[in-house]
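Atoms considered below: every heavy atom in the structure, side chains included; atoms not considered: hydrogens, waters and symmetry mates.
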Amino acid sequence: MKLTLVALFLPLFPLSAAQNLMLARLRAPAARAALLLAWPQLGVALLHALQPQIPAFVVTWALLSAAFYALRLLTVRDLGLWAGFLASSALALTWVLVARGADITELHLFVFWFSLPAALQALLTGPLARRLGAAYAGLFTGVVERQPRMAVALTAVVLSAVATPPFPGFFALLHLLRGLAGAAALGVLGVWLIWGWAATRILQGFVAGNGREIATPDLAQSSMLMYTAALAVFAAAGLLFTGGGL
């Protein structure tokens with residue numbers, strides 16, 4: 001029971017459905033972002049408080065969960081759902097560190113490295129929906145031509161979410177891979193590869209193509225600066241706390 005309770009918050013399929021169901025029902029982007037940030041941190045706190053026994057099969061379960069949600073990303077066009085599925089895929093990998101005996105600080109940081117970019121994606125669904133009608137890839141292509149600031153912010157947030165350097169997720173996955181061998185390491189690399197493929201598809205649905213006229217103005221310069229500053233601080237914090245993967 002202890003393991004099941006923790007697995008609700010550090011999502012393992014099918015228990016991960018609880019988080020994704022809540023995300024689907026929340027309409028406010030800020031509420032979605034708050035849930036994505038708080039949910040895994042509660043999981044780490046519960047793990048520390050309950051100290052459940054971790055069976056050997058949990059690592060396999062975690063890798064299969066991560067792979068399942070990575071594949072789901074390839075079929076999802078809604079940016080809010082995409083952020084939730086990516087978070088479910090990435091946060092499942094926390095169990096690899098748990099099985100390795102990582103301390104509480106390392107676990108809190110690991111889930112933060114992956115939940116913050118997902119939360120920023122959730123926040124971006126608000127301005128995207130106001131400008132395009134819905135934060136749905138393929139509804140309006142060529143956003144870079146009509147709204148370049150929005151396109152840059154979206155691209156940067158998505159790249160940070162799929163563990164592209166110099167963002168912290170990249171170094172966190174390198175650290176994770178150092179403790180793995182054989183099939184487990186190949187599994188993590190495969191999941192990471194699918195994230196990159198899914199990111200390319202979602203960005204193509206928004207950024208690439210011939211731009212159509214959009215009646216609403218581009219993302220405000222102040223909002224663009226906010227996202228840029230948040231990602232710059234995020235990358236710097238990752239280098240500080242991960243030592244650049246060393």
Side-chain angles (χ1 to χ4, degrees), residues 7-8 10-29 31-33 35-36 39-40 60-95 111 114-129 131-144 150-151 153-164 167 169-170 173 186-210 212:
L8 281 171
L10 294 178
L12 292 174
F13 183 81
L15 300 172
S16 49
Q19 176 188 352
N20 289 310
L21 182 61
M22 291 178 67
L23 284 171
R25 292 190 174 185
L26 289 172
R27 297 302 178 192
R32 284 184 170 188
L35 180 66
L36 285 166
W39 194 263
T60 302
W61 187 6
L63 292 173
L64 290 174
S65 296
F68 171 76
Y69 278 107
L71 291 171
R72 287 292 307 274
L73 290 174
L74 298 174
T75 63
V76 173
R77 311 298 286 171
D78 182 277
L79 185 64
L81 293 178
W82 198 90
F85 287 160
L86 180 61
S88 294
S89 181
L91 294 173
L93 298 176
T94 309
W95 288 99
V111 300
F114 288 101
S115 59
L116 179 62
L120 291 176
Q121 286 181 74
L123 284 178
L124 264 179
T125 60
L128 274 170
R131 287 161 175 79
L132 308 182
Y136 195 88
L139 183 64
F140 271 86
T141 57
V143 172
V144 68
M150 174 65 76
L154 175 61
T155 301
V157 168
V158 169
L159 291 179
S160 71
V162 296
T164 305
F167 296 107
F170 174 78
L173 285 185
L186 289 175
V188 173
L189 288 171
V191 167
W192 200 354
L193 178 64
I194 296 170
W195 290 353
W197 181 13
T200 301
R201 287 173 58 89
I202 198 79
L203 289 175
Q204 282 179 336
F206 284 109
V207 177
N210 296 319
R212 293 166 54 188

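A distance of 9.0 Å separates OG1 of Thr164 from CZ of Phe170, quoted to the nearest 0.5 Å. Atom-to-atom distance recorded for Ser88:OG and Leu10:CG is 11.0 Å, nearest 0.5 angstrom. Taking CG of Asn20 as the start and CZ of Phe85 as the end, the distance is 5.0 Å to the nearest 0.5 Å. The CG atom of Leu159 lies 6.5 Å from the CG atom of Leu203; values are rounded to the nearest 0.5 Å. Annotation: the span from Leu21 atom CG to Ser16 atom OG amounts to 11.0 Å, rounded to 0.5 Å. Put simply, CG on Leu79 and CG on Leu86 are 10.5 Å apart, with the number rounded to the nearest 0.5 Å.
Evaluation of the side chain to side chain donor-acceptor pair (under 3.5 Å) rule for Ser65 yields no partner, not counting sequence neighbours. Every residue two or more places apart in sequence or in another chain that forms a side-chain contact (heavy atoms from CB on, under 4.5 Å) with Leu35 is listed here: Met22, Leu23, Leu26, Trp39. With sequence neighbours left out, the ring-ring contact (aromatic ring centres under 6.0 Å, His included) criterion links Tyr136 to no other residue. Remark: Asp78 engages no residue in a side chain to side chain donor-acceptor pair (under 3.5 Å) (not counting sequence neighbours). Here Ala7 pairs with Leu12, Leu15, Trp95 under the side-chain contact (heavy atoms from CB on, under 4.5 Å) rule; sequence neighbours left out. Qualifying ring-ring contact (aromatic ring centres under 6.0 Å, His included) partners for Phe167, counting only residues two or more places apart in sequence or in other chains: none. With sequence neighbours excluded, no residue forms a side chain to side chain donor-acceptor pair (under 3.5 Å) with Ser160. With sequence neighbours excluded, no residue forms a ring-ring contact (aromatic ring centres under 6.0 Å, His included) with Phe206. Remark: Ala66 engages Ser89, Ala92, Leu93, Val191 in a side-chain contact (heavy atoms from CB on, under 4.5 Å) (not counting sequence neighbours). With sequence neighbours excluded, the residues satisfying side-chain contact (heavy atoms from CB on, under 4.5 Å) with Ile194 are Ala70, Leu71, Leu74.
When all heavy atoms of Arg77 and Arg201 are compared, the closest pair comes out as NH1-O, 3.9 Å. The minimum heavy-atom distance linking Ala33 with Ala122 is given by the pair N-CB, 4.0 Å. The heavy-atom pair separating Ala199 from Val162 by the smallest distance is CB-CG1, 3.9 Å. Of all heavy-atom pairs between Pro40 and Ser115, the closest is CG-CB, 4.0 Å. Residues Leu91 and Pro11 come closest through the heavy atom pair CB-CD, 3.8 Å. The shortest non-hydrogen separation linking Gly80 to Arg32 is CA-NH1, 3.3 Å.
Looking only at side-chain heavy atoms (C-beta outward), Phe114 and Thr94 stay at 4.5 Å or farther from each other.
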Practice item. In sequence, state the C-alpha distance, the side-chain angles, and the governing distance for Gln121 and Thr125, and then conclude on side-chain contact (heavy atoms from CB on, under 4.5 Å). Key: CA-CA 7 Å; Gln121 286 181 74; Thr125 60; 6.0 Å; no
Point to revise | Check against side-chain contact (heavy atoms from CB on, under 4.5 Å), Val157 and Leu123 | key: CA-CA 10 Å; Val157 168; Leu123 284 178; over 6 Å; no
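Between Tyr69 and Phe13, the ring-plane angle classifies as perpendicular under the 30° and 60° cut-offs.
Environment of CH2 in Trp197: sparse, with no more than 12 heavy atoms of neighbouring residues, nucleotides or ligands closer than 6.0 Å.
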